[in-house]
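Residue numbers begin at 1 in each chain, while the letters A, B, ... track the order of the sequences.
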Amino acid sequence: SQQGEEDPQALSIQEGENATMNCSYKTSINNLQWYRQNSGRGLVHLILIRSNEREKHSGRLRVTLDTSKKSSSLLITASRAADTASYFCATANSGYALNFGKGTSLLVTP
Amino acid sequence: NAGVTQTPKFQVLKTGQSMTLQCAQDMNHNSMYWYRQDPGMGLRLIYYSASEGTTDKGEVPNGYNVSRLNKREFSLRLESAAPSQTSVYFCASSPTGGAGANVLTFGAGSRLTVL
């Protein structure tokens, strides 16, 4: 069954603002990943954070992981119109494949 | 470098018809996956292949079969399509899977409509 649950389901901000989306999960994990999906396209990997890490950065992306609360957040700083997409968290546990959440739809308006 | 290539991109079937979705990757990845994406449901795993010669069921395998033809190719077959199988299907691959750093590379998707 699906492991991650993103919040909010939809987010609308203006260019230049920061966007924060959250992911909660239910069981212990080995790593947590974030993916982006532009409309009508496949998913693209953004960042991976391991269970023993608390924070990770990649360009304008900042991911945090709190294993005690079973939650993660993705922060996109200084958002651009090109960041408009759906964002999914995915967890890897003792099973083989990744389990994806239902996604957060981000709209960045000029 | 094409990555993961899926064919066809679009397909319309009638209930009861059969078809095969093709997937090929050129990254020498060991593991391959088939997901379906439905509105409000996110991505759900149908089948996966940890390595050439092996396949395993995912969360929603009923109504589907798969074949790992070789290391590059992983096909998904609908033997008797049903309207409930209307969805967007994504193939993905990763260098490895399981507890390793299984970062997935996705294809562009195949949109299937069953009437």
Side-chain angles (χ1 to χ4, degrees), chain A residues 1-10 21-53 56 58 61 63 65 67 85-105, chain B residues 2-7 9-10 21 23 25 27 29-51 54-61 66 68 74 88-111:
Chain A
S1 60
Q2 285 174 309
Q3 166 81 296
E5 194 76 31
E6 290 91 344
D7 172 65
Q9 288 187 346
M21 50 205 87
N22 304 295
C23 170
S24 59
Y25 56 92
K26 297 173 184 171
T27 62
S28 62
I29 60 171
N30 291 302
N31 68 61
L32 185 143
Q33 302 177 36
W34 285 90
Y35 287 77
R36 184 188 74 232
Q37 183 181 34
N38 291 91
S39 181
R41 310 291 293 273
L43 281 74
V44 174
H45 178 258
L46 294 176
I47 195 165
L48 178 152
I49 186 165
R50 299 188 188 281
S51 59
N52 61 354
E53 297 175 312
K56 203 161 183 180
S58 177
L61 305 180
V63 170
L65 179 64
T67 53
S86 292
Y87 292 82
F88 295 86
C89 69
T91 54
N93 49 30
S94 58
Y96 198 86
L98 289 181
N99 297 301
F100 285 84
K102 297 178 183 180
T104 291
S105 178
Chain B
V4 178
T5 302
Q6 293 183 230
T7 55
K9 287 186 170 30
F10 300 94
L21 299 177
C23 175
Q25 52 91 10
M27 297 169 287
H29 284 173
N30 287 312
S31 304
M32 298 185 74
Y33 312 81
W34 277 105
Y35 286 88
R36 61 178 287 175
Q37 184 176 34
D38 302 293
M41 296 295 292
L43 278 82
R44 292 182 291 170
L45 182 66
I46 305 171
Y47 271 92
Y48 66 94
S49 171
S51 60
T54 69
T55 61
D56 284 284
K57 295 178 180 179
E59 182 186 352
V60 288
V66 290
R68 183 74 183 266
F74 188 39
V88 181
Y89 292 85
F90 287 98
C91 178
S93 69
S94 65
T96 181
N102 48 343
V103 172
L104 270 59
T105 300
F106 280 84
S110 298
R111 185 175 294 275

Undergrad: In chain order, what residues pass the side-chain contact (heavy atoms from CB on, under 4.5 Å) check against Thr54(B), with sequence neighbours excluded?
TA: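 Residues passing side-chain contact (heavy atoms from CB on, under 4.5 Å) with Thr54(B): Ser49(B), Ala50(B), Ser51(B).
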Undergrad: Sort Leu45(B) into side chain, backbone, both or neither according to what part of it lies under 4.5 angstrom from a heavy atom of chain A.
TA: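 Answer is side chain: those atoms of Leu45(B) sit under 4.5 Å from chain A.
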Undergrad: Applying side-chain contact (heavy atoms from CB on, under 4.5 Å), can you list everything that pairs with Arg111(B), at least two apart in sequence or on another chain?
TA: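 Counting only residues at least two positions away or on another chain, Arg111(B) forms a side-chain contact (heavy atoms from CB on, under 4.5 Å) with Phe10(B), Val88(B).
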Undergrad: Say whether Tyr35(A) and Ser86(A), considering side chains only, have a donor N or O and an acceptor N or O under 3.5 Å apart.
TA: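 The answer is no; no qualifying pair exists.
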Undergrad: So what's closer than 4.5 Å to chain B heavy atoms on Gln9(A): side chain, backbone, both or neither?
TA: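 Interface part for Gln9(A): neither.
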Undergrad: If I measure from the heavy atoms of chain A, does Gln6(B) come under 4.5 Å with its side chain, its backbone, both, or neither?
TA: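 Gln6(B) has no heavy atom closer than 4.5 Å to chain A.
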Undergrad: Looking only at heavy atoms and a cut-off of under 4.5 Å, which of Ala108(B), Gly58(B), Cys91(B) has the most pairs with chain A?
TA: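 Of the candidates given, the most pairs with chain A belong to Ala108(B).
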Undergrad: Fit a plane to each ring of Trp34(B) and Phe74(B), take the angle between them on a 0 to 90° scale, and name the class: parallel (under 30°), tilted (30 to 60°) or perpendicular (over 60°).
TA: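 Trp34(B) and Phe74(B): tilted rings.
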